[in-house]
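Read the structure below first, then the notes.
Not measured: the values here are computed from a predicted model. What you see below is based on every heavy atom in this structure, not just the backbone, and it leaves out hydrogens, waters and symmetry mates. Count residues from 1 along the sequence. One-based numbering, in listed order, for ligands and for the atoms of each.
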Amino acid sequence: MKYDFTVIGTGISGMASAVILAKSGYRVCLIEKSRKLAPVIRGFKRKGLYFDTGFHYTGSLGDGEVLDLYFKYLGISDRIEKVPLNQQGFDVYRCLEPEFEISFPVGYDQLRERLHVAFPEEKKSIDTYMQKVVDTSNSFPYINLNERSLKQSLSDLHGPSLQDVLDRITDNKLLKATLSIYCLLHGTSPKEISFSVHACVASRLFESVHEIKGGGLALVRAFESVLEDLNVDILCGRGVKELLFSPDQSIAGVGLEDGEILECNGCVSTVHPLNFLEFIPDHMFRPAYRKRLAGLEESSSAFMLYVVLDHPVKQLSGKNIFISETWDIDNFCIHEPIQNRPYYVTSAGHHSHDGENKGYVAICPASVTETDEWSESYTGRRPRSYTRFKEEIAGIMRRHIEKNCPELRGEVVRMECATPLTLRDWTNAPGGLYGVKHKIGQYNPMAVTKSAGLYLAGQAVAAPGVVGAIISAFLACENVTGHDRLRREIAACI
Ligand SMILES: Cc1cc2nc3c(=O)[nH]c(=O)nc-3n(C[C@H](O)[C@H](O)[C@H](O)COP(=O)(O)OP(=O)(O)OC[C@H]3O[C@@H](n4cnc5c(N)ncnc54)[C@H](O)[C@@H]3O)c2cc1C
């Protein structure tokens, strides 16, 4: 059978691309290397407690906000239950030296007021920063449905970094740390992240903050049922090995690792750019293009601690805690001991329902080089020395968390640690938390390629997070469906 489109990868961007194309009447096949759909966000259970993996919470899901519109357009809205996080403080930022704590309330004006109270001398800088975040994120197509091209945002990749902007508006180091803490949500430090991508991630949380009842798995199930309704064929456990091209260099098919060939007239690849490079024959793209993709730097990786406790963690109901040792979070202090690095903690189970969140997840930046010693091993087949290393990291993280978050102390029923290697094998990618860095001065992969019918989507193309991944799907698929039509249809979902 010949498909109109194959879509490679079943993350958020792959599932969204498949829905957009199938909704437009195309025959689509969605292909995933892992055994299950959407491995990055589907989470897992231990001792009966559900742990989210790649999706804990999101902004812009309030009624009429952009993610709400995307979900309506994609047919997801009626199949999920969104749950608001704590309106008075959904994210707490705690600095240990100097001692400082602030909780971020929901809403742009409320957050601005809270920051004014915490930094009374800095009202003007705070207003400048917040206005700039909103204005900049509004230049992103699909965040602003009237914005037509990514040119504005991309030019900003060569423009100021978050640090440049903060240095221009204030000398207050604690305020800069507070306004930079969301760097943990895109994995690129303030000196490197383009202000525009930082604004795209942070501004969503200024609008409204929700989780989805049942977590990432509930979102996967919702997509699964939409894909089924649209007759999208889904192949899981079937990695793509290569892309096949016609003599005129248009896309002709996809070769799977097991030897099967799927013919197609079009293809959207949502895998990491380095994986994409492995799919294409040397002659197909200019050496300069290949070099740019090969040179993309990876966002920070992480050590992640998953803890089951003997009691619910009330203090994490509807909120997350971000902690940094000092105001200096440059490069996430990755070359320092774990206890000196910034990290964040989020609830396991259901954030907003007391009694269900009997545990927590802690995510602490790390470098992939920290697990180099075991890089030849794969999940389920690791040496004993690696298990000991993980136990040691888990112990350090737990002691550190218990010291600085007394509210999370308690009897541990079960504890597991994931490392950059776990991340590499679970995401089928190099191991960064959020794919490649959106670093100033670095090439940003475009959705359109020089091969007719071949498009790129995924967090590398727009921005990390559910919102960024879905935007990347729109940026790729609008070339097929028509730019204006897609935006009009999304806007009509209000
Ligand atoms: C620990 C963690 C916590 C996070 N928390 C949040 C959060 O709270 N909120 C939020 O909005 N975002 C969060 N994110 C970010 C979010 O998960 C990602 O930005 C998003 O899932 C990326 O989606 P994607 O479709 O671009 O990529 P992916 O989900 O990585 O999809 C790519 C897919 O391609 C598949 N693949 C790779 N190679 C092949 C091949 N050869 N053949 C076929 N398939 C292949 C992979 O298995 C993968 O399924 C978090 C991420 C992590 C890691």
Show which atoms of ligand 1 fall inside a sub-4.0 Å distance from at least one heavy-atom site of Tyr434.
-> 14 (N), 15 (C), 50 (C), 51 (C)
For ligand 1, is there an N or O atom under 3.5 Å from any N or O atom of Asn428?
-> yes
Under 3.5 Å: N/O of Gly465 near N/O of ligand 1 | yes
When distances are taken from atom 32 (C) of ligand 1, the protein heavy atom at minimum range is Thr270 O, 3.9 Å
Numbering as shown, the atoms of ligand 1 that approach Val271 to under 4.0 Å (heavy-atom distance) | 34 (O), 36 (N), 37 (C), 38 (N), 39 (C), 45 (C)
Would you say ligand 1 has an N or O under 3.5 Å from any N or O of Gly54?
-> yes
Assess whether side-chain contact (heavy atoms from CB on, under 4.5 Å) is satisfied between Ile41 and Ile12, documenting all intermediate values.
-> CA-CA 8 Å; Ile41 60 161; Ile12 290 283; 3.6 Å; yes
NZ (Lys82) with more than 12 external heavy atoms under 6.0 Å = yes
Gap between atom CG of Leu85 and atom NE2 of His210 - 0.5 Å precision | 8.0 Å
Below 4.0 angstrom from a heavy atom of Thr53, which ligand 1 atoms are there? Numbered from 1 as shown, please.
-> 1 (C), 2 (C), 3 (C), 4 (C)
One should read off an interatomic distance between Ile321 CD1 and Leu316 CG, to the nearest 0.5 angstrom, of 5.0 Å
Just jot down the ligand 1 atoms closer than 4.0 angstrom to any heavy atom of Pro39, in number order.
-> 47 (O), 49 (O)
So the atoms of ligand 1 within less than 4.0 Å of a heavy atom of Ile31 turn out to be 43 (C), 44 (N)
Among Val240, Leu243, Thr270, side chain to side chain contact (heavy atoms under 4.5 Å, CB included) partner for Phe276 | Leu243
Is Val40 touching ligand 1 with its side chain, its backbone, both, or neither, if touching means heavy atoms under 4.0 Å apart?
-> side chain
Side chain or backbone of Leu185 under 4.0 Å from ligand 1, or both, or neither, by non-hydrogen atoms?
-> neither
Any ion pair linking Glu392 and Lys390 (charged N to carboxylate O, less than 4.0 Å)?
-> no
Indicate yes or no: does an N/O atom of Phe279 lie under 3.5 Å from an N/O atom of ligand 1?
-> no
Output field: ring centroids Tyr70/Phe474 closer than 6.0 Å = yes
Ligand 1 to Ile8, heavy atom cutoff 4.0 Å, flagged ligand atoms 42 (N), 43 (C)
Parallel, tilted or perpendicular: rings of Phe195 and His198 (30°, 60°) | tilted
Which atoms of ligand 1 sit under 4.0 Å from any heavy atom of Met304?
-> 1 (C)
Run the numbers for me: atoms of ligand 1, each under 4.0 Å from some heavy atom of Asn275, listed by number.
-> 37 (C), 38 (N)
Ligand 1 to His56 polar contact by distance, N or O atoms, under 3.5 Å = yes
Classify the ring geometry between Tyr343 and His400 as parallel (under 30°), tilted (30 to 60°) or perpendicular (over 60°).
-> tilted
Do any nitrogen or oxygen atoms of Lys33 lie less than 3.5 angstrom from nitrogen or oxygen atoms of ligand 1?
-> yes
Phe44/Tyr306 aromatic ring centres below 6.0 Å = yes
Short N-O contact, Glu32 and Arg238, less than 4.0 angstrom = no
